[in-house]
Amino acid sequence: MEAVRITLPDGKTVEVQRGLKIQDVASSLGVNSDVVAAKVDGVPVDLDRVLSRDCALDWIPLDSPDGVEILRHSTAHLMAQAVQSLFPGTQVTIGPTIEHGFYYDFKRDQPFTSEDLERIEAKMRELAAENLKVTREEWSREAAQAMFRLMGEEYKVEILREIPEETVSLYRQGDWIDLCRGPHVPSTGIIRAFKLTSVAGAYWRGDEKNEMLQRIYGTSFPTEEALREYLKLLEEAKNRDHRRLGRELDLFSFHPIAPASPFFHPKGALVYNELISYMRRLYLRYGYQEVITPQIFDVELWHRSGHYDHFRDNMYFTRIDEREFGVKPMNCPGHTFIYASKKRSYRDLPLRYADFGRLHRYEKSGVTAGLTRVRSFSQDDAHIFCAPEQIETEMTNLLKMLREVYRTFQFTEMQVKLSTRPEHYMGSVEAWAHAEASLAESLKREGVDYQVNPGDGAFYGPKIDFVILDALRRGWQLATIQLDFSMPERFDLTYVGPDGTEKRPVMIHRAILGSIERFLGILIEHCGGAFPLWLAPVQIRILTVTDQQKDYAQGVFRELTAMGWRAELDDRNEKLGYKIREVQLEKVPYAAVIGDREVRDSTIAPRRRGGENLKPASVKDFMEMLKTEAAPEAGNDRAAQS
RNA sequence: GCCACCCUAGCUCAGUCGGUAGAGCAACUGAUUCGUAAUCAGUAGGUCGCCGGUUCGAAUCCGGCGGGUGGCUCCA
């Protein structure tokens, strides 16, 4: 019998009989039993794959990233098997793995209830206990199609119709079979630590026009401990949920009277405005000028800007004096009027107009969520009007500014996406190509890694979106930079060039925080409600031990507020422990305890959020010490970790 | 917008078979004057999201509407 040469992970080579299965090689080599699959020349395959040629072999242990992926995919199959055995007539569609688990979409008229989920989970445990062998079979596409048609699996038939290969792989476990590329774990007994988490509707192939399927989400881990840890993380995420913290910290609320439109309470408004002040200080350094523009414009403007054609479904309209008006969903068209209010020279450019104006966008009822997706919001919005040859410098400065801002908020991880021409667009294809190339060029020059997001641009131009990862590693789109050649055209904006002829400026739409609402929501979750000193709505609270210190404490309070600190005085007749508990739960960065000792020595006894007691000091000395920490550039204070 | 689920005091949640509403915390009053995460006692607080239906009787069953949550589609 012929032999094939196998290169092992350690670089050694062995010769084995052609036709041997990978698992035979594994057991003869005494490879660890937690190997669930292998890679042949880098391609993941099942352990029962036959070795037919020389190749490099690598093992995939269960607890490796590839192993977990395979485990989850196999768990999805196990779930589908359980579902079809419990609910005959249910059709399977697709069941991929996702970041923290998997899902499988089913076609069934009856909705799955939470009791059904429990039954499915129980059935899965049963099937796992049977330790069914999972085997791969190769079928001709036609035969597979015929079989699935016979089984009434219309979706599988449709999927098969679009597979170009003549041969497809099916996986069988017990009496259950599914079309799948694989690989899978060798037997169902390996699947142990799993949990079905939720049911949801999902359109077939993700298209709104298609019928709705039922998606069951679940997750699976190599060990019970890992699963428990994950569930604990979910629990922790719940505690950080900005909607919950917003209520607990009295930052904002919502009311059905204005759906998806936040009411910012005094403390929330303070943080909100502090974010804006921070941006305003940056604007001074980066050469921006703030403007204020109308809220409501005659629809004529929206026709001209293209919003009426491309954004109407997201806009609010109102009729008055026989005129139709639209509430602004964006600031850009308004800014063109300031630009056009007088004749512009190349010497005026670039003009950078910043606007914190309130925007209203109608969002479909099902998509709104807390502060992260609202109908009424404002952005740290700005429009840069510049000459085409200035785009490069502007982009460089924008990226610099963006990095500075994200460093301040300790958003260290960021993904960059270049979104290109969408289906509904304005302007010429050439202008789009030019704009897309400019953006790509800028990113390359700045050494920024990015992915292309085809068809995801704004209707007036391509954009670079910045997705930051929060403390729980969830991605959020905040910043956006959009290059626009068509709005200047539509509003006939010009400037006089050095040669005396009229030229067309370029508009760069950009936001760094994005919507202040969303940014605040993300920030709350990122820091768990423990704002850095410069953002904390209350920076320090004075706590008296008994009523004896009331007068002195009031003096300290007056002193602090006179110095510009956001201070509160808790001189209630309560025990110190009670006041400490409250100040801690409210995540106030500092407490200043005042008892008889402090009155006697004219000091305060500071306590940091988290419990660290600091040396008593005079008000003046202590606050002097906090000054550096109170600067945004100091980033999160140390106590924010608590 | 679509699918599923949820809505009881300010908050978190009980409320059995359809028989007319309950706890803890918070609030308020009083006592207590206390040194780093909860002092004690008392008082008050409800159109059970809203509208309709079934029923002798609805927080409970049914329908509609509103709001929210998890997804899908869309998106700052």
Side-chain angles (χ1 to χ4, degrees), chain A residues 98 103 105 110-114 116-117 197-217 238 241 243-244 247-248 250 253-260 311 313-314 329-330 359 361-375 377-381 419 456 458 463 465-467 476-480 482 509-519 521-522 543-550 571-586 591-598 605-608 610-614 616:
Chain A
I98 49 176
Y103 67 77
D105 284 349
Q110 209 86 14
F112 289 114
T113 64
S114 45
D116 291 340
L117 282 199
T197 48
S198 62
V199 218
Y203 299 106
W204 165 236
R205 303 219 142 145
D207 191 330
E208 211 175 356
K209 290 187 268 303
N210 287 342
E211 57 203 303
M212 185 153 277
L213 307 170
Q214 292 189 67
R215 174 171 298 179
I216 302 181
Y217 284 92
K238 246 179 169 173
D241 190 314
R243 290 166 297 195
R244 177 186 177 142
R247 186 177 55 239
E248 287 174 0
D250 199 15
S253 60
F254 287 89
H255 194 279
I257 208 72
F311 209 72
D313 291 348
N314 285 291
M330 296 184 195
L359 305 177
R361 294 185 192 172
Y362 172 75
E363 299 287 354
K364 293 186 198 169
S365 61
V367 309
T368 59
L371 289 181
T372 52
R373 190 82 182 271
V374 293
R375 290 179 177 159
F377 61 103
S378 80
Q379 295 176 310
D380 63 325
D381 196 14
S419 300
D456 214 29
K463 55 180 188 169
D465 287 327
F466 297 82
V467 175
W476 293 96
Q477 192 203 311
L478 300 174
T480 180
Q482 308 169 354
H509 308 237
R510 48 106 283 177
I512 294 178
L513 304 181
S515 113
I516 314 289
E517 277 73 4
R518 174 178 289 183
F519 189 85
I522 308 315
L543 314 178
T544 53
V545 177
T546 73
D547 284 351
Q548 307 309 307
Q549 300 92 34
K550 259 186 167 177
D571 60 1
R572 290 174 304 171
N573 172 16
E574 293 289 352
K575 290 171 79 171
L576 181 63
Y578 182 79
K579 299 182 183 182
I580 292 279
R581 178 181 151 79
E582 282 198 349
V583 81
Q584 179 64 35
L585 287 176
E586 289 172 40
V593 175
I594 293 175
D596 283 337
R597 284 201 296 270
E598 286 72 29
R607 177 192 194 276
R608 221 196 280 271
E612 187 188 352
N613 292 322
L614 305 174

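Reckoned from all heavy atoms, side chains included, excluding hydrogens, waters and symmetry mates.
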Indicate, with a heavy-atom threshold strictly under 4.0 Å, whether A/Glu248 touches base, sugar-phosphate, or nothing.
nothing
Considering only heavy side-chain atoms of A/Arg581, the closest of B/rA37, B/rU33, B/rG35 is B/rA37
| query | Would you say the side-chain atoms of A/Asp571 and A/Thr544 include a donor-acceptor pair closer than 3.5 Å? | reply | no
Out of B/rU39, B/rG67, B/rG35, minimum distance to the side chain of A/Glu574 belongs to B/rU39
Compare side-chain N and O positions of A/Ser365 against OP1 and OP2 of B/rG1 and report whether any pair is under 4.0 Å apart.
yes
* Between B/rC74 and B/rA27, how far apart are the C1' atoms? Round to whole Å, please. => 43 Å
From CZ of A/Arg572 across to P of B/rG30 the rounded distance in Å is 15 Å
NA contact type, A/Gln549, heavy-atom cut-off 4.0 Å: base, sugar-phosphate, or nothing? nothing
In whole angstroms, the gap separating P of B/rG35 from OH of A/Tyr578 amounts to 17 Å
When you measure from the side chain of A/Gln214 to the backbone of A/Phe112, do you find a donor-acceptor pair of N or O atoms at a distance under 3.5 Å? yes
RNA chain B nearest-nucleotide lookup for A/Arg243 and A/Ala605: closer to the 5′ end is A/Ala605
In whole angstroms, the gap separating P of B/rU39 from CG of A/Leu576 amounts to 11 Å
Would the distance check show the side chain of A/Asn210 and the main-chain N or O of A/Trp204 forming a donor-acceptor pair, the cut-off being under 3.5 Å? yes
Task: C1' gap between B/rG63 and B/rA58, integer Å - done: 14 Å
Quiz item: Would you call A/Arg373-A/Glu363 a salt bridge at under 4.0 Å N-O?
Solution: yes
Result for 5'-nearest mapping on RNA chain B, choosing between A/Arg247 and A/Gly370, is A/Arg247
Protein heavy-atom contacts under 4.0 Å, written 5' to 3' over nucleotides 71-76 of chain B as B (base), S (sugar-phosphate only) or - (none), form the string BBBBBB
For RNA chain B, the expected dot-bracket line (Watson-Crick or G-U under 3.5 Å, [ ] crossing, | inter-strand) is (((((((..((((.....[..)))).(((((.......))))).....(((((..]....))))))))))))....
Of the candidates B/rU36, B/rU39, B/rA4, the side chain of A/Pro111 sits closest to B/rA4
*Tell me, do A/Gln379 and A/Ile516 make a side-chain contact under 4.5 Å, heavy atoms counted?*
no
| query | Is it true that A/Glu517 and A/Arg375 make a salt bridge, defined as a side-chain N closer than 4.0 Å to a carboxylate O? | reply | no
Whole-Å distance, A/Lys579 NZ to B/rA26 P, equals 16 Å
Is it true that A/Gln477 and A/Arg518 share a donor-acceptor pair across their side chains at a distance under 3.5 Å?
no
What is the nucleic acid contact for A/Phe311, judged by heavy atoms within less than 4.0 Å: base, sugar-phosphate only, or nothing?
-> nothing
Do A/Gln549 and A/Asp596 meet the criterion of a side-chain donor-acceptor pair at a distance under 3.5 Å?
yes
Residues at least two apart in sequence or cross-chain that pass ring-ring contact (aromatic ring centres under 6.0 Å, His included) with A/Tyr217, listed by chain then number, are A/Tyr103
